[in-house]
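The figures here come from the full heavy-atom set of this structure, side chains too, leaving out hydrogens, waters and symmetry mates. When a ligand or atom number is given, it counts from 1 through the structure's own listing order.
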Amino acid sequence: MHFETKTIHAGVHPDPSTGAIMTPIFQTSTYVQDGPGHHKGYEYARTQNPTRTVLQDNLASLEGGHAAYCFGSGLAAMDAVIKLLRSGDSVLASNDMYGGSFRQLDKVFRQFGIDTRLIPMQDPAHVEASIAPNTRLIWIETPTNPLLNMVDIEAVCHMARSRGIMVCVDNTFATPYLQNPIRLGADLVLHSATKYLGGHSDVVHGVVVCSSGELAEKIKFIQNASGAVPGPMDCFLILRGIKTLHVRVDRACENAAKIADFLLSHARVKRVLYPGLSTHPGHAIAKKQMKKFGAMLSFDLHDESMEAAFKVLAGTRLFSCAESLGGVESLIGHPASMTHASLPREERMKSGLTDTLIRLSVGIEHVDDLIEDLRQALDS
Ligand SMILES: *Cc1c(COP(=O)(O)O)cnc(C)c1O
């Protein structure tokens, strides 16, 4: 079955009791049993919920995994993955990973004896050289936020496998439509479904997809034992969002490519970071492991003051200034003062996250309107 058919049909069945074509929202905490222990596979809604089951089966199919498990947020999903580790284990992660992911590793799990080492991951040889005897998990994010750096998933997984190290790929930016890390050798895939999977900026939700039955058993156990499960309404919203994932992402990628070209041609723009540009350092890897180049891009200005960037943000009318990404509407953000404000300036500048770097989450509006909006904001 093609991806575009799976988004709509995988795991989804008409409701057997009514024929409802859409998966019902099973808003229930418990299920009546015929007698003690005699039930229909559902006992208590932390453990199983039929709306969640359909979504989980759908997601496992989209990522080509053995099973998927859903959580109350992307970070709750990550929390379940890190609980596969033990005190004394170490995580190797990219130095420009999502700030909230780093905060969880650094502020929550470090105090339980799980430490994290951050490195640039663009060069697989450097990843290999950074492995310590207690490295148990390599955490890849690609493309990264907001610099759109690329990590060669297949190369890192190949090297990790020979050492018995697990690899988890945060696939939030690429979506399962553009990139399937399990096919490239990853053990686990994480999504903040809050972003493209939901796609309408109306729900917070997370997913872990497991490549094997063994990992699936462990994550399923943690999902129930730690209990960070999503509600059925949220599962319904993600299921509904996924039905149009490919259409939305196609249009958003197309718009982003045109916007990247426009920005390159604008006199005030110094640099455009978009993996679809042949000048982007990760272009070849993106081409190898992604179907298209995504709809996130960043650019910075020749001006060097934060104020210059603030003026551009204040000047857009269609692009709304907000955190998050992946919705149908276009967003604009200023990482140095918003998502990455907690990074010391020196660290930021070293990695190329300048004071005027502006990040766009390109939506599915008409591209001419989006370009016109950016043009007037840059020209004013
Ligand atoms: C948003 C995000 C997360 C965290 O997900 P939440 O749903 O906000 O908890 C993790 N990774 C990436 C890449 C994200 O963009």
State whether the side chain of Thr47 and the backbone N or O of Asn224 hold a donor-acceptor pair below 3.5 Å, judged by distance alone. no

As an exercise, identify every atom of ligand 1 less than 4.0 angstrom from a heavy atom of Asp170. 10 (C), 11 (N), 12 (C), 13 (C)

Nearest non-hydrogen protein atom, atom 5 (O) of ligand 1: Ser192 OG, 3.0 Å

Polar-atom distance check: Val204 versus ligand 1, any N or O pair below 3.5 Å? no

To which protein heavy atom is atom 4 (C) of ligand 1 closest, and what is the distance rounded to 0.1 Å? Tyr98 CE2, 3.5 Å

Could Lys40 and Phe26 be counted as a cation-pi pair, given that NZ or CZ must be under 6.0 Å from the ring centre and within 45° of the axis? no

Phe173 N/O under 3.5 Å from ligand 1 N/O: no

Phe173 side, atom CZ; Leu325 side, atom CG - distance, nearest 0.5 Å: 5.0 Å

Considering residues, nucleotides and ligands other than Glu346, do more than 12 of their heavy atoms fall under 6.0 Å from its CD? no

Under 4.0 Å from a heavy atom of Glu141: which atoms of ligand 1 are those, numbered in the order shown and with their elements? 13 (C)

Give the ring-plane orientation class for Phe3 versus His246, where under 30° counts as parallel, over 60° as perpendicular and anything between as tilted. perpendicular

With a heavy-atom distance limit of 4.0 Å, tell me whether Thr172 approaches ligand 1 through its side chain, its backbone, both, or neither. side chain

Looking at Lys311, I'd like to know if its NZ atom is crowded, meaning that more than 12 non-hydrogen atoms belonging to other residues, nucleotides or ligands lie closer than 6.0 Å. no

Can you tell me the protein heavy atom closest to atom 15 (O) of ligand 1 and the distance? Lys195 NZ, 2.7 Å

